[in-house]
Amino acid sequence: MASLAKIVRNFYRDSVTLMHLSARLSALPGVSQASAVMASERNLALLREAGLLASDAGAGPNDLLLALAGDEAAIAAALAAAEQGLYEAPSTENGGRQQQPPRSLEMGLEETPGANLALISTPGDYATAEAMKALRLGLHVMLFSDNVPVADEIALKRYAAAHALMMMGPDCGTAIIGGVPLGFANVVRRGGIGLVGASGTGLQQVSSLIDRLGGGISQAVGTGGHDLSAEIGGMTMRQGVAALAADTATRVIVLISKPPAPPVAAQILEEARQAGKPVIVTFIGADPGPIAALGLTPAKTLEDAAVAAVALETGRRGERSHSLPEERPRPAGEEGSRRQRYVRGLYSGGTFCYEASLLLGESLPDVFSNTPVGNALKLDNVWQSHAHTLLDLGDDVFTRGRPHPMIDPRLRLERLAAEAGDPETAVILLDIVLGYGAHPDPAGAIAPAIEAAIAAARASGRQLAVVGFVCGTAADPQNLEQQEARLTAAGMKLAQSNAEAARRAVRIATALRGA
Amino acid sequence: MPLFDQELTVLNVGLSAFADAIRLAGGKAVEIEWSPPAGGDRSAGLTLARLVNDPRVEAANRAAFAAYLAAEPVLEGIGRAAEVIPGLRGRTILHAGPPIAWQKMCGPMQGAVIGAILFEGWASRENAARALAERGEVLFSPCHHHGAVGPMAGVISPSMPVWIVRDPASGRRSFCNLNEGLGKVLRFGANGTEVIERLAWMATTLKTVLEATLGEAGPIALKPLMAQALHMGDEVHNRNTAATSLLLRRLLPPMLRSRASRDDIAAAIAFIAGNDHFFLNLSMAACKAMLDAARDVAGSSMVVAMARNGVEFGIQLSGTGDCWFMTASPVVDGLYFPGYSIADAAPDLGDSAITETAGLGGFAMAAAPAIVKFVGGTPDDAIANTRAMGHVTLGSNGGFTLPAMNFAGTPAGIDARRVLDSGLLPVINTGIAHRQAGIGQIGAGITHAPLACFTQAVTALAATLPDE
């Protein structure tokens with residue numbers, strides 16, 4: 001341990017500057033103690049007490065004294081650096097004058113007084129509090145977060161209704177408000193069709209098909225997945241219907257949901273009847289009778305809803321831009337393909353799986369799913385397909401500990417390879433979702449796996465059909481045309497909608513049964 | 001107006017990709033730099049959410065803040081503590097911060113208490129004084145419970161002279177002891193002969209001179225003096241150089257006109273002129289008067305006291321009466337005098353954070369570029385600090401303006417809700433005491449009021465407001 005002192009004569013610096021310098025010097029490697037002071041009697045005494053000063057060499061109050069202890073080489077270098085530092089001009093660069101970014105909704109609103117909607121996607125534990133704050137500050141809310149207790153959802157929606165605010169969600173993935181896509185949404189033409197949907201992918205499918213058919217969207221309101229339960233009572237869907245009824249830009253209204261709890265459905269349909277505008281109702285899988293009886297237009301599938309809405313909006317009959325092509329089953333007599341008869345659907349969108357399950361279940365026996373509906377049956381082991389199997393890969397059982405398949409395709413790619421290797425697989429069904437929030441290049445991510453799957457089957461003497469559709473628009477950041485071209489090139493049979501893809505799969509499977 | 005008829009502007013809380021998407025699509029989105037409020041305490045976060053924009057709290061805060069602004073504290077005189085401070089009877093000693101028992105006091109506070117016992121003559125030796133305190137023969141009470149404040153240990157005993165500050169608007173009086181200077185002083189726990197002798201001199205000679213001077217001068221308005229000092233580089237907490245000079249300039253003519261002896265006057269002037277912090281205790285009394293004016297407004301989330309006893313940091317809200325909301329006092333990571341380090345430091349101590357509570361000190365850092373290096377910063381950082389405090393306060397005090405910020409008023413009236421929601425903690429400029437009694441100040445720096453105090457305070461305030 002060595003010590004070293006240096007006097008800089010007639011060099012005044014204020015004590016704070018010197019304390020700062022001392023701290024910097026003390027932090028240098030090899031320096032155990034460092035002190036920069038004006039050499040007043042009091043300071044000299046302090047340094048002597050601290051053992052930093054052997055002799056004061058006649059330093060006076062106007063002299064600056066640098067005293068260091070520590071490793072010999074280190075303190076010499078530190079002393080040189082300190083002297084240098086005394087003469088340097090202070091740095092003027094720093095971010096001190098930068099604006100403090102807002103750290104709360106209230107701060108955000110102070111800085112942007114015109115803000116009118118809070119888009120909240122915090123972890124579920126904190127979502128209720130943020131949404132309540134937003135409502136209390138007079139903001140409309142889209143609550144993307146899930147895992148919000150039902151009691152909280154009721155409280156939020158009651159508060160919103162009492163204060164004329166829109167409360168979309170919790171668990172609301174998609175909305176388009178004033179032409180602005182929120183959450184997972186597609187870039188669609190503006191127009192006269194207003195949507196209210198409990199399902200994010202349902203809203204994406206209907207809005208992008210409307211765009212594809214030449215129609216346009218006024219507003220798309222997401223309600224969140226639990227809104228139409230008996231407890232919540234469809235508060236947001238009713239709010240959405242009323243808002244679209246009052247909105248002059250909206251000429252046609254489309255409601256999208258799985259079948260609501262019966263009293264909730266009755267109330268919503270009654271209020272829809274009073275909207276004074278044509279209302280198309282897609283309660284996927286619900287009995288169309290009561291809907292038609294109220295003078296509303298039932299639509300069986302999401303695609304049907306889009307077609308009907310465009311027909312009503314434009315006054316011309318919406319044309320399905322396709323007719324189902326003849327499906328050619330495998331060439332008869334090929335040994336390797338005799339056992340090939342089943343459809344395997346690998347969905348990233350839960351509503352797509354739901355709709356496809358209903359459509360397959362109508363025509364095919366032995367349809368299994370991890371989320372069965374209609375005639376479909378519960379799949380015992382979700383990791384092993386059985387007969388016709390449709391999987392919602394966004395279900396909790398698959399997403400625990402990993403991102404949703406719309407963002408991270410790995411799980412689906414693995415399952416695709418596994419299904420292709422199964423000699424019983426005849427058709428693989430896929431959904432490809434574009435838009436904001438989705439994978440930047442979903443076709444590019446899955447195309448090589450499709451090519452590999454077809455090639456692997458062919459190598460075993462099987463002809464594998466991969467049928468799919470792209471939910472998206474030309475204006476989406478991923479570009480619909482390029483995505484479709486990439487998938488076609490990979491060998492995918494391209495449908496324009498989920499329903500069409502499912503029906504094509506049914507035709508192939510039916511043809512195989514007959515063969 | 002219905003949502004569909006407005007141009008959409010989104011505040012995005014959570015996944016920032018959503019804000020990017022909105023902007024890419026041509027919409028307007030503002031990103032909130034969010035983290036779980038209340039330090040992730042979900043239940044406190046929900047309680048806070050229910051108080052955001054609550055009309056009862058908003059109205060109460062307007063009333064409390066208006067009372068704070070309306071206060072015009074004047075220096076009225078100087079008096080013997082026992083004669084002027086309400087409730088200071090018998091063997092009672094007042095101390096800084098929230099309530100604390102003798103056994104739990106930090107070193108500097110115990111040292112100061114012993115010094116006060118010796119000064120009062122309740123015991124003649126240190127051991128006897130300590131024994132007296134240990135036997136419970138001395139009552140301890142926070143300064144704040146008596147309209148008083150004191151820097152560091154904040155010890156006020158019955159025979160000490162105190163400043164008397166009055167706010168004509170509220171009619172309340174506030175008190176603070178007199179500043180002893182630097183070095184071996186009671187407020188840092190020193191209690192040797194020189195300390196006791198100085199206290200005795202202050203209680204006699206200095207008190208007599210100042211009494212005569214103030215009698216001659218009449219009441220001195222403190223806000224204008226503090227405002228002027230802000231324009232001269234003080235923030236009237238850790239820098240009082242200008243304010244002390246301004247005060248002395250005010251006192252000199254009446255002092256020389258007074259009947260005090262020439263020798264006493266010379267000694268008093270030398271004492272005041274030799275202590276850059278002489279004004280601090282008056283600044284604190286003035287701030288105490290302004291904040292006491294804002295007390296006891298039901299429903300108000302305005303902070304009316306932040307104080308530390310060297311063990312615990314406590315705050316009080318206007319809407320929750322005399323309740324303290326406390327947590328462990330932080331150790332200040334500041335700049336240390338030669339030979340000392342953070343290992344030697346006592347946890348944060350003193351009532352002087354009353355200045356920040358009143359919108360001065362750390363809240364007025366932009367006024368005092370000379371001391372911003374305490375934070376290792378620059379004048380730009382000082383402005384950033386002051387601006388940040390603008391986000392957690394109810395308004396600004398036009399009586400205290402900041403030249404470096406285009407003469408904007410200092411941010412004032414801390415709203416506990418906003419602290420909890422934003423996580424922006426009130427900034428405090430502070431001196432650092434050695435953990436052992438009597439060694440004195442060993443550094444200075446910047447610290448922040450702990451979040452836990454605000455979590456408790458907001459929860460307690462919510463309990464006073466029935467669900468609507």
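Across B/G27, B/G339, B/A25, B/G26, the residue that shares the most heavy-atom pairs under 4.5 angstrom with chain A is B/A25. Of the listed residues (B/V392, B/L8, B/T47), the greatest number of heavy-atom pairs within a distance under 4.5 Å of chain A belongs to B/L8. For the options A/L52, A/T122, A/I120, heavy-atom pairs under 4.5 Å to chain B are most numerous at A/T122. Interface summary for chain A: among B/K28, B/E31, B/E7, B/R418, the most heavy-atom pairs under 4.5 angstrom belong to B/R418. Interface summary for chain B: among A/D125, A/L137, A/V180, the most heavy-atom pairs under 4.5 angstrom belong to A/D125. Residue with the most contacts toward chain B among A/M142, A/Q33, A/E110: A/E110 (heavy-atom pairs, distance under 4.5 Å). Per-residue heavy-atom pair counts under 4.5 Å with chain B were compared for A/N43, A/V37, A/T112, and the maximum is reached by A/T112. Of the listed residues A/A243, A/G114, A/A246, A/G179, the one with more heavy-atom pairs under 4.5 angstrom with chain B than any other is A/A243. Per-residue heavy-atom pair counts under 4.5 Å with chain B were compared for A/Y159, A/Y436, A/F144, A/F184, and the maximum is reached by A/Y436.
Nearest heavy atoms, B/G445 versus B/N238: O-ND2, 4.3 Å. A/L244 and A/S218 make their closest contact through CD2-OG, 4.4 Å (heavy atoms, listed as atom of the first residue, atom of the second, distance). Closest of all the heavy-atom pairs between B/L424 and B/A388 is CD1-O, 3.9 Å.
Between A/K133 and A/E106 no salt bridge is recorded (no basic side-chain N to carboxylate O distance below 4.0 Å).
Looking at A/L47, only its side chain comes within 4.5 Å of chain B, counting heavy atoms on both sides. Proximity to chain A is absent for every atom of B/D20, based on heavy atoms less than 4.5 angstrom apart. Neither the backbone nor the side chain of B/R417 comes within contact range of chain A, judged by heavy atoms closer than 4.5 Å. Of the atoms belonging to B/V10, heavy atoms from both backbone and side chain fall under 4.5 Å from chain A. Residue contact with chain B, scored on non-hydrogen atoms closer than 4.5 Å, involves the backbone and the side chain of A/N116 alike. Contacts between B/L48 and chain A at a heavy-atom distance below 4.5 Å involve the side chain alone, from C-beta outward. Contact of A/L135 with chain B is not made at all, since no heavy-atom distance falls under 4.5 Å.
B/D276 and B/T244 share no side-chain donor-acceptor pair at under 3.5 Å.
Proximity of a side-chain donor or acceptor of B/H237 to a complementary backbone N or O of B/N429 within less than 3.5 Å is detected. No donor-acceptor pair closer than 3.5 Å links the side chain of B/H434 to the backbone N or O of B/I442. Side-chain atoms of A/S22 come within 3.5 Å of backbone atoms of A/A36 as a donor-acceptor pair (strictly under, hydrogens ignored). At distances below 3.5 Å, at least one donor-acceptor pair connects side-chain atoms of B/N12 with backbone N or O atoms of B/L15.
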**OP:** Test salt bridge (charged side-chain N to carboxylate O under 4.0 Å, His left out) on A/R136 and B/D421 and set out the steps.
**Re:** CA-CA 14 Å; A/R136 296 195 71 105; B/D421 203 6; over 6 Å; no

